[in-house]
Amino acid sequence: MDPFVIWSLGRSRTKWLSAFLSAGPWVCCHDLLLRSPSVASFEQVLSILQTGTAETGMPSAAPLIRRLFPAARFVVVRRPVEEVRASFATHGPAWEMPDGLLEEQHRLLDRISLMPGTLTVDFADLVREDVCRAVWEQCLPGQLEPSPQPSSPP
C-alpha cells in the first residue's frame, strides 16, 4: 500500500499522530523530510511498505512527494498561526520562528488541502473520536475500532 503524509505547522500534534498511526505493521515517522540527508533517502524510507510520515517543516515538498508517490494519501492538520507561534514561545527564544515563515507555510498548507484526495482537519478537533477516525481511515487500511464506553455504575 502507498505511503501517507500528514502535513501541518509545528506544535500541531504531529508527534502524537506519528505514534497514533504507528499501528500493527504500519510505521509513521516524524519529520522524516527534515531528518533525511537527501531526497533519495527520504524516497527510500517512504518506499518501504506500510510507512508514513508526519511533517511540520517542508510543506513546499508536497508536489515533489505527489510526483514520487502519485497515490500517497495526504492529511493536513490546520492550526492558527498565532496559536503555533504562542506554543513555540513557551519553549524559549531558541524556538522563535523567523518573521513570515509560519505564514508562508500556512499558505502552502492551503495549497496541499486543495490537492485531490487530501483530508483536512482542524487541530482543535483532534480531541474528537470521529476526527481521529477520519485521519486513521485516510492513512491506514481498515477501520479504527471504537473506544470502549465506560460502563454505568450499578
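Looking at Ser18, its side chain never comes within 3.5 Å of a backbone N or O of Trp16 through a donor-acceptor pair. Side-chain atoms of Thr118 come within 3.5 Å of backbone atoms of Ile112 as a donor-acceptor pair (strictly under, hydrogens ignored). The backbone N or O of Gly117 lies less than 3.5 Å from a partner atom in the side chain of Gln138, making a donor-acceptor pair. Under a 3.5 Å cut-off, the side chain of Thr56 and the backbone N or O of Ser8 do not form any donor-acceptor pair.
Clustering ILVMFWY residues whenever any of their side-chain heavy atoms sit less than 4.5 angstrom apart, transitively, puts Phe4 in the very cluster that holds Val121.
Atom CZ of Phe20 is separated from atom SG of Cys28 by 10.5 Å, given to the nearest 0.5 angstrom. Note that CD of Glu129 is 12.0 Å distant from CH2 of Trp136, once rounded to the nearest 0.5 Å. If you take CD on Glu103 and CZ on Arg85, they are separated by 4.5 Å, rounding to the nearest 0.5 Å. Atoms CG and CG, on Leu33 and Leu46 in that order, are 7.5 Å from each other to the nearest 0.5 Å. One distance of note links CD of Gln105 with CE of Met58; it measures 9.5 Å at 0.5 Å rounding.
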Mind running side chain to side chain contact (heavy atoms under 4.5 Å, CB included) on Leu126 and Leu17 for me, showing each step along the way? CA-CA 9 Å; Leu126 286 173; Leu17 282 165; 4.2 Å; yes
Val45 and Cys29: CA distance, side-chain angles, deciding distance, side chain to side chain contact (heavy atoms under 4.5 Å, CB included) verdict: CA-CA 9 Å; Val45 172; Cys29 303; 4.2 Å; yes
For Ser47 and Phe69, what are the C-alpha separation, side-chain angles and deciding distance, and is it a side chain to side chain contact (heavy atoms under 4.5 Å, CB included)? CA-CA 9 Å; Ser47 294; Phe69 302 97; 3.7 Å; yes
Test side chain to side chain contact (heavy atoms under 4.5 Å, CB included) applied to Val5 and Leu32, step by step: CA-CA 10 Å; Val5 181; Leu32 180 61; over 6 Å; no
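A salt bridge links Arg107 to Glu104: one of the charged nitrogens lies within less than 4.0 Å of a carboxylate oxygen.
Contact record, Arg78 with Val76: CD-CG1, 3.3 Å, taken as the closest heavy-atom pair.
Pairs passing the salt bridge (charged side-chain N to carboxylate O under 4.0 Å, His left out) check and including a residue from residues 111-127, sequence neighbours excluded, read Asp125-Arg128.
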Just list the side-chain donor-acceptor pairs under 3.5 Å for residues 59-68, sequence neighbours left out, or say none.
{"residue": "Arg66", "atom": "NH1", "partner": "Pro70", "partner atom": "O", "Å": "3.4"}
{"residue": "Arg66", "atom": "NH1", "partner": "Ala72", "partner atom": "O", "Å": "2.6"}

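A donor-acceptor contact closer than 3.5 angstrom links the side chains of Arg11 and Ser87.
Side-chain contact between Pro3 and Thr53 is absent, with no heavy atoms from C-beta onward closer than 4.5 Å. In this structure, Val77 and Ile6 have side chains that are in contact, with non-hydrogen atoms separated by less than 4.5 Å. Contact annotation: the side chain of Leu109 never approaches that of Arg79 to less than 4.5 Å [non-hydrogen atoms, C-beta and beyond].
For CD of Gln44, the number of neighbouring non-hydrogen atoms (other residues, nucleotides, ligands) closer than 6.0 Å is 12 at most.
Listed by chain and number, the residues in a ring pair (Phe, Tyr, Trp, His ring centres under 6.0 Å) with Phe123 amount to none (sequence neighbours excluded).
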